There are 2 protein chains.
Amino acid sequence: MESRDHAEVRLAVDLVVLTVREDRLQLLVIVRGNQPYRGRPALPGGFLRENEDLRAAAVRELAEETGLAGRSLVLEQIGAYDAPERDPRGRIVSVGYLAVAPDLPVPTAGSDATGATWARLDTVRGALAFDHDEIVSDALERARTRLEYTTSATDFCAEVFTMGELRQIYEIVWGITLDPRNFSRRILATEGFIEPTGDRRAQVTGRPAALYRRGPASRLNPPMLRPQQGEQ
Amino acid sequence: MESRDHAEVRLAVDLVVLTVREDRLQLLVIVRGNQPYRGRPALPGGFLRENEDLRAAAVRELAEETGLAGRSLVLEQIGAYDAPERDPRGRIVSVGYLAVAPDLPVPTAGSDATGATWARLDTVRGALAFDHDEIVSDALERARTRLEYTTSATDFCAEVFTMGELRQIYEIVWGITLDPRNFSRRILATEGFIEPTGDRRAQVTGRPAALYRRGPASRLNPPMLRPQQGEQ
DNA sequence: ACAAAAGTGTTCAATTTACACCCATGG
DNA sequence: CCATGGGTGTAAATTGAACACTTTTGT
């Protein structure tokens with residue numbers, strides 16, 4: 001019995017980091033400097049190291065490749081991607097992670113070579129290296145579902161935000177429009193979702209909006225179900 | 001640079017196979033014949049082989065260890081479990097899969113040694129080897145959610161079933177009781193969920209129930225949200 | 001004064017829930 | 001003829017969507 005009883009595989013992590021920027025859903029991508037898929041956009045990620053679990057690898061890669069401290073970023077595992085031919089370099093199984101970030105001042109604004117950048121999701125989809133389009137699709141679906149059941153919309157927002165900004169997250173991630181009046185009431189009626197800071201912020205025009213910060217709740221009950229409509 | 005840039009890990013699959021039996025949610029377990037955790041119940045599973053993807057490994061292990069043909073069983077990936085100390089034999093990352101089965105005539109009724117058996121979930125939880133309790137918890141939560149959004153309740157049922165049997169699936173998996181009258185209407189109002197066979201089946205007592213088989217639909221719209229109540 | 005965004009009150013329709021009541025069978 | 005589970009009808013309660021209207025600012 002010379003043949004091994006188990007396959008020799010390498011484990012990697014790939015990160016789907018989403019934000020809302022310029023009224024669009026945007027994705028953190030690097031441009032590949034090596035073959036395969038040289039020059040193509042790809043998800044940040046890399047191989048698992050010794051004595052490191054997957055989450056730690058994800059946090060490390062995020063810091064190395066993008067300069068984003070994984071500190072406050074909530075990472076959620078999306079799943080394992082293991083199609084035998086997904087990577088021409090060999091048998092590599094990758095575990096996808098989703099992270100949601102506020103609109104940050106452009107990741108590594110000129111730090112190291114590879115330079116991660118935000119890219120509009122609608123323009124980059126279909127062009128990603130490896131099976132990264134599939135990972136992104138699954139992660140996006142997860143992000144959309146999370147808006148329904150959790151308070152994760154505030155993860156897209158800065159420390160303090162207006163009701164309009166929060167609503168925009170829902171509108172952009174779901175690709176629909178919501179009634180601002182009903183939205184506001186619904187959110188405020190959900191115990192622990194957001195808390196008023198007491199301050200207001202002047203807008204470009206119009207009445208200044210009250211400012212809020214995230215509350216202690218993490219799960220939404222009842223959920224905010226998105227209306228079913230076709231989008232992208 | 002003698003040190004490797006990546007960890008040496010082995011990949012495995014673990015299967016959470018659920019059914020409803022004797023009015024209880026039951027789990028397919030094997031009793032471990034070797035160390036570690038010898039004598040303890042565990043999930044069926046095993047190592048990934050060369051030129052085999054995770055799903056294929058799950059189907060193969062299911063057939064080998066339990067005699068269940070993976071044919072019609074729908075396998076859903078739950079996630080990767082990778083805590084470094086989860087398996088004392090070394091660095092083993094396992095991918096969990098969920099399968100839902102009808103009440104089968106006891107898996108390997110005396111075929112090979114290890115013999116998988118059904119075990120009541122409430123008695124076996126907390127006693128499983130490795131981190132299998134955690135995998136089961138995640139899979140169970142997934143199964144409960146699937147009942148809300150998909151027609152997967154019929155996966156728990158035989159080819160033909162009564163409305164009462166289908167309702168029992170919901171009641172047992174969710175751990176609540178449902179109004180039979182409203183339940184029936186709700187299911188029948190969902191296009192493509194189930195189709196009447198035209199036959200009826202005499203009960204132990206009471207009016208014979210109409211028989212149904214599963215319809216073409218797979219996703220439920222609108223979903224059947226479970227009422228929030230505390231359970232087990 | 002006007003445009004624009006925030007926010008309140010109210011109405012109406014849709015959905016959910018509860019439950020009275022009838023049906024069909026075995027003992 | 002009664003217990004038991006299957007099934008229909010209907011009214012009350014809850015929820016959701018629509019929208020008129022008021023508030024508060026910058027220009």
Side-chain angles (χ1 to χ4, degrees), chain A residues 20 23 147-149 153 157-158 160-172 174-191 193-213 220-229, chain B residues 20 23 147-149 153-154 157-158 160-172 174 176-191 193-213 220-229:
Chain A
V20 168
D23 297 339
L147 287 196
E148 298 188 301
Y149 295 97
C157 295
V160 294
F161 49 86
T162 68
M163 188 65 79
E165 287 167 350
L166 187 65
R167 174 168 46 84
Q168 229 192 101
I169 300 301
Y170 277 90
E171 292 184 329
I172 291 171
W174 284 351
I176 59 174
T177 59
L178 294 169
D179 185 306
R181 300 157 292 190
N182 292 335
F183 177 82
S184 171
R185 251 183 310 226
R186 197 106 160 55
I187 299 293
L188 292 173
T190 303
E191 190 90 16
F193 193 161
I194 59 174
E195 293 172 345
T197 65
D199 291 331
R200 302 182 151 271
R201 179 196 291 165
Q203 310 291 309
V204 180
T205 175
R207 174 176 168 174
L211 291 173
Y212 300 91
R213 64 168 53 88
L220 254 40
N221 220 299
M224 293 258 307
L225 299 179
R226 60 186 137 154
Q228 59 276 35
Q229 310 173 195
Chain B
V20 169
D23 297 340
L147 288 197
E148 298 187 302
Y149 295 96
T154 58
C157 296
V160 295
F161 49 87
T162 69
M163 189 63 80
E165 288 168 347
L166 187 65
R167 176 168 46 84
Q168 229 193 105
I169 300 302
Y170 278 90
E171 292 183 329
I172 291 171
W174 284 351
I176 58 171
T177 60
L178 294 169
D179 185 306
R181 300 156 292 189
N182 293 335
F183 177 84
S184 171
R185 249 184 309 225
R186 196 106 159 51
I187 299 293
L188 292 171
T190 303
E191 190 89 18
F193 193 161
I194 60 173
E195 292 172 346
T197 65
D199 292 330
R200 301 181 151 270
R201 178 197 291 167
Q203 311 290 310
V204 180
T205 175
R207 170 175 171 178
L211 292 173
Y212 301 91
R213 65 169 53 88
L220 253 40
N221 222 296
M224 293 257 306
L225 299 180
R226 59 185 136 152
Q228 58 278 36
Q229 310 174 195

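Each chain gets a letter, A, B and so on, in the order the sequences are listed, and its residues count up from 1. Computed from a predicted model, the values in this text were never measured in an experiment.
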Let me know the distance between [atom1] of [X] and [atom2] of [N], rounded to the nearest Å.
X: R181(A); N: dC21(D); atom1: CZ; atom2: C1'; answer: 10 Å
X: L188(A); N: dG7(C); atom1: CG; atom2: P; answer: 8 Å
X: D199(B); N: dT25(C); atom1: CG; atom2: P; answer: 14 Å
X: R207(B); N: dC21(C); atom1: CZ; atom2: P; answer: 18 Å
X: F183(A); N: dG7(C); atom1: CZ; atom2: P; answer: 12 Å

(message) Closest approach to the side chain of T205(A), judged atom by atom: which nucleotide of dA3(D), dA4(C), dG6(D) is it?
(response)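 Looking only at heavy atoms from C-beta outward on T205(A), the closest nucleotide is dA4(C).
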
(message) Given dC19(C), dA6(C), dG7(D), identify the nucleotide with an atom nearest to the side chain of Y212(B).
(response)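 Selected nucleotide: dG7(D).
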
(request) Could you list the residues that satisfy salt bridge (charged side-chain N to carboxylate O under 4.0 Å, His left out) with R207(A), not counting sequence neighbours? (result)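 By the salt bridge (charged side-chain N to carboxylate O under 4.0 Å, His left out) rule, R207(A) matches no residue at all.
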
(request) Identify whether the distance between the nearest side-chain nitrogen and carboxylate oxygen of E171(B) and R226(B) falls below 4.0 Å. (result)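 Answer for the salt bridge query: no.
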
(request) Describe the nucleic acid contact of R167(A) in one word from base, sugar-phosphate, nothing, applying a heavy-atom distance below 4.0 Å. (result)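 Sugar-phosphate contact only - R167(A) comes under 4.0 Å of backbone atoms but never of a base.
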
(message) Does A202(A) reach a base, just sugar-phosphate, or nothing at all? Heavy atoms under 4.0 Å.
(response)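 A202(A): no heavy atom of the nucleic acid under 4.0 Å.
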
(request) Between P208(A) and R186(A), just flag the one whose closest nucleotide in DNA chain D comes earlier from the 5' side. (result)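 Looking at DNA chain D, the more 5' nearest nucleotide goes with R186(A).
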
(message) Nearest heavy atom decides the nucleotide; on that basis, is V204(B) or M163(A) closer to the 5' end of DNA chain C?
(response)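 Closest to the 5' end, via its nearest nucleotide, is M163(A).
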
(message) Could you walk me through whether F161(A) and L211(A) satisfy the side-chain contact (heavy atoms from CB on, under 4.5 Å) test, starting with their C-alpha distance in whole Å, then the side-chain angles of each, then the deciding distance to 0.1 Å, before giving a yes or no?
(response) CA-CA 5 Å; F161(A) 49 86; L211(A) 291 173; over 6 Å; no

